[in-house]
Amino acid sequence: MAQSLVLVSDLHKDYQTAAGAITVLKQVNFSMDAGDFVAIMGPSGSGKSTFMNILGCLDKPTSGQYTLDGHQVANLSGNALAQIRNQTIGFVFQGFNLLSRVSLLDNVALPLVYSGVNKSERQARAKVLLEKVGLGQYINSLPNQISGGQQQRVAIARALVNHPRLILADEPTGNLDSKTSEDIMTLFSELNADGITIVLVTHESDIAAYASRQIRFLDGRIVQDTRSKTIASIASAKEPD
């Protein structure tokens, strides 16, 4: 049997406050294989964002195990977690998080600086990915010279530049209009079809429908785990011969 890319066992997370401990995650169990496309849903305060932060090695569980790509990461040091974030995980955020005074090419290449990749290779890899997301003609532009949807494409290219095993997207269409959101989710579907593993958090059921699996959180627990045909696969099935 193939090893799961992500394996979470009895994950529990408390936050300490002046009023005492607040439990955010309660004995969560979850696994996903390489190539999966998972949407995480749930109301505010349900635990989905905390769970996403733990998957992204941005936070640690209070107890339980988290295995990523065969490595137990729940108790690793800060430096080790930073290395995993840089080399194994790509992040896409709602707010794009681009450097405003830096070209799109250098924005995409930035994670490679921390990986010690030389400048010529950084620029070559960034250029290839900007072309992949349809922005090859804008490599020398600044973020404020392109649209919000294009900025999110830049963020996706940046997430891919280190060839990560896992892409984590937190409300990636939250700041976009419906047509641009559709374009971004189509891009995610294409990347997933190429074998890239994706987990995204969303409040929107139409966005979650692009994923082949939907996870719903409530009160710190997974209460629903369903698989379905994606919008992309349905559309493909309807295409004439």
Side-chain angles (χ1 to χ4, degrees), residues 6 32 35-56 58 85 89-100 104 107-108 110-111 129-135 138 141-161 164 166-218 222 224-236:
V6 171
M32 61 182 294
D36 276 356
F37 188 172
V38 177
I40 298 177
M41 303 186 72
S44 296
S46 62
K48 63 185 186 300
S49 294
T50 299
F51 182 65
M52 188 74 144
N53 286 339
I54 291 174
L55 290 186
L58 298 169
R85 287 194 298 270
I89 305 170
F91 295 91
V92 180
F93 301 98
Q94 179 177 345
F96 316 141
N97 291 357
L98 303 179
L99 299 178
S100 61
L104 304 189
N107 264 286
V108 172
L110 184 61
L129 283 168
L130 282 168
E131 290 171 348
K132 183 178 182 67
V133 300
L135 295 174
Y138 297 112
S141 299
L142 297 176
N144 65 4
Q145 296 173 324
I146 60 175
S147 70
Q150 289 171 324
Q151 289 184 55
Q152 191 61 292
R153 287 176 176 268
V154 175
I156 292 169
R158 180 184 57 195
L160 293 169
V161 76
L166 176 65
I167 294 290
L168 299 179
D170 190 1
E171 297 283 0
T173 62
N175 287 334
L176 305 175
D177 60 56
S178 58
K179 176 59 172 67
T180 307
S181 296
E182 182 179 334
D183 292 341
I184 292 298
M185 292 310 302
T186 298
L187 175 58
F188 274 123
S189 295
E190 291 169 354
L191 294 172
N192 181 244
D194 288 340
I196 295 174
T197 308
I198 300 172
V199 179
L200 69 85
V201 167
T202 182
H203 284 95
E204 304 168 77
S205 57
D206 58 332
I207 296 299
Y210 282 85
S212 56
R213 183 178 174 193
Q214 292 82 35
I215 304 292
R216 184 173 293 275
F217 273 81
L218 183 65
I222 294 177
Q224 187 176 359
D225 184 348
T226 59
R227 291 187 177 272
S228 63
K229 288 186 176 181
T230 64
I231 286 177
S233 66
I234 293 171
S236 177

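Throughout, residue positions are numbered sequentially from 1 according to the sequence presented.
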Visitor: How long is the straight-line distance from OG1 of Thr202 back to CD of Glu204, given to the nearest 0.5 Å?
Guide: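 Answer for the CD-OG1 pair, Glu204 versus Thr202, is 4.5 Å.
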Visitor: Using modelled atom types and a 3.5 Å cut-off, is there a donor and acceptor pairing between side-chain atoms of Asp225 and backbone atoms of Arg216?
Guide: no
Visitor: Check the pair Ile156 / Leu191 against side chain to side chain contact (heavy atoms under 4.5 Å, CB included), numbers first and verdict last.
Guide: CA-CA 10 Å; Ile156 292 169; Leu191 294 172; 3.7 Å; yes
Visitor: For side chain to side chain contact (heavy atoms under 4.5 Å, CB included), just list the numbers for Val133 and Val154, CA-CA rounded to whole Å, side-chain angles, deciding distance to a tenth of an Å, and then say yes or no.
Guide: CA-CA 8 Å; Val133 300; Val154 175; 6.0 Å; no
Visitor: Report the C-alpha separation of Leu130 and Tyr138 in whole Å, then their side-chain angles, then the decisive distance to 0.1 Å, and conclude whether the side chain to side chain contact (heavy atoms under 4.5 Å, CB included) test is met.
Guide: CA-CA 8 Å; Leu130 282 168; Tyr138 297 112; over 6 Å; no
Visitor: Quick one, Met32 and Leu55 - any side-chain contact, counting heavy atoms below 4.5 Å?
Guide: no
Visitor: Using 0.5 Å steps for rounding, measure from the OG1 atom of Thr226 to the CD1 atom of Ile215.
Guide: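 With rounding to 0.5 Å, OG1 (Thr226) is 7.5 Å from CD1 (Ile215).
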Visitor: Which pair of non-hydrogen atoms, one from Ser44 and one from His203, has the smallest distance, and what is that distance?
Guide: OG-NE2, 4.1 Å
Visitor: Tell me if the centroids of the rings in Phe188 and Tyr210 come within less than 6.0 Å of each other.
Guide: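 For Phe188 and Tyr210, the ring centres are not under 6.0 Å apart.
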Visitor: When you look at Val201 and Glu171, which way does the side chain to side chain contact (heavy atoms under 4.5 Å, CB included) test go after all the steps?
Guide: CA-CA 5 Å; Val201 167; Glu171 297 283 0; 4.1 Å; yes
Visitor: To check you understand the geometry: which heavy-atom pair defines the closest contact between Gln151 and Phe96, and what is its length?
Guide: OE1-CD1, 3.5 Å
Visitor: Please name the pair of heavy atoms, one in Ser100 and one in Pro143, separated by the smallest distance, quoted to 0.1 Å.
Guide: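 Closest approach of Ser100 to Pro143: O-CD, 3.6 Å.
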Visitor: Once you round to the nearest 0.5 Å, how far does OG of Ser205 lie from CE of Met41?
Guide: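 Atom-to-atom, Ser205:OG and Met41:CE are 5.5 Å apart.
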Visitor: Identify the two heavy atoms, one from Pro43 and one from Lys48, that lie closest to each other, and give their separation to 0.1 Å.
Guide: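 Minimum heavy-atom contact is O-NZ, 3.3 Å.
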Visitor: Quick one: pull up CG in Asn192 and CG in Leu187 and give me the separation to the nearest 0.5 Å.
Guide: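 Nearest 0.5 Å value for the CG-CG distance: 11.5 Å.
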Visitor: At what distance, to the nearest 0.5 angstrom, does CZ of Arg158 lie from CD of Gln152?
Guide: 8.5 Å
Visitor: Do Ser212 side-chain atoms and Phe37 backbone N/O form a donor-acceptor pair below 3.5 Å?
Guide: yes
Visitor: Ile146 and Leu104: which non-hydrogen atoms are nearest, and at how many Å?
Guide: CD1-CD1, 3.7 Å
Visitor: Applying side chain to side chain contact (heavy atoms under 4.5 Å, CB included) between Leu98 and each of Asn107, Leu142, Asn144, report the one that passes.
Guide: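 Checked Asn107, Leu142, Asn144 against Leu98; only one passes side chain to side chain contact (heavy atoms under 4.5 Å, CB included): Asn107.
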Visitor: Answer yes or no: is there a donor N or O on one side and an acceptor on the other, between the side chain of Asn53 and the main chain of Leu58, under 3.5 Å?
Guide: no
Visitor: Quick one: list whatever passes side chain to side chain contact (heavy atoms under 4.5 Å, CB included) with Ser181, sequence neighbours left out.
Guide: Thr173, Leu176, Ile207
Visitor: Taking all heavy atoms of Gln150 and all of Leu135, pick out the closest pair and write down the distance.
Guide: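 Here Gln150 and Leu135 meet closest at O-CD1, 3.3 Å.
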Visitor: To the nearest 0.5 Å, what is the distance between CG on Leu99 and CG on Leu110?
Guide: 6.0 Å
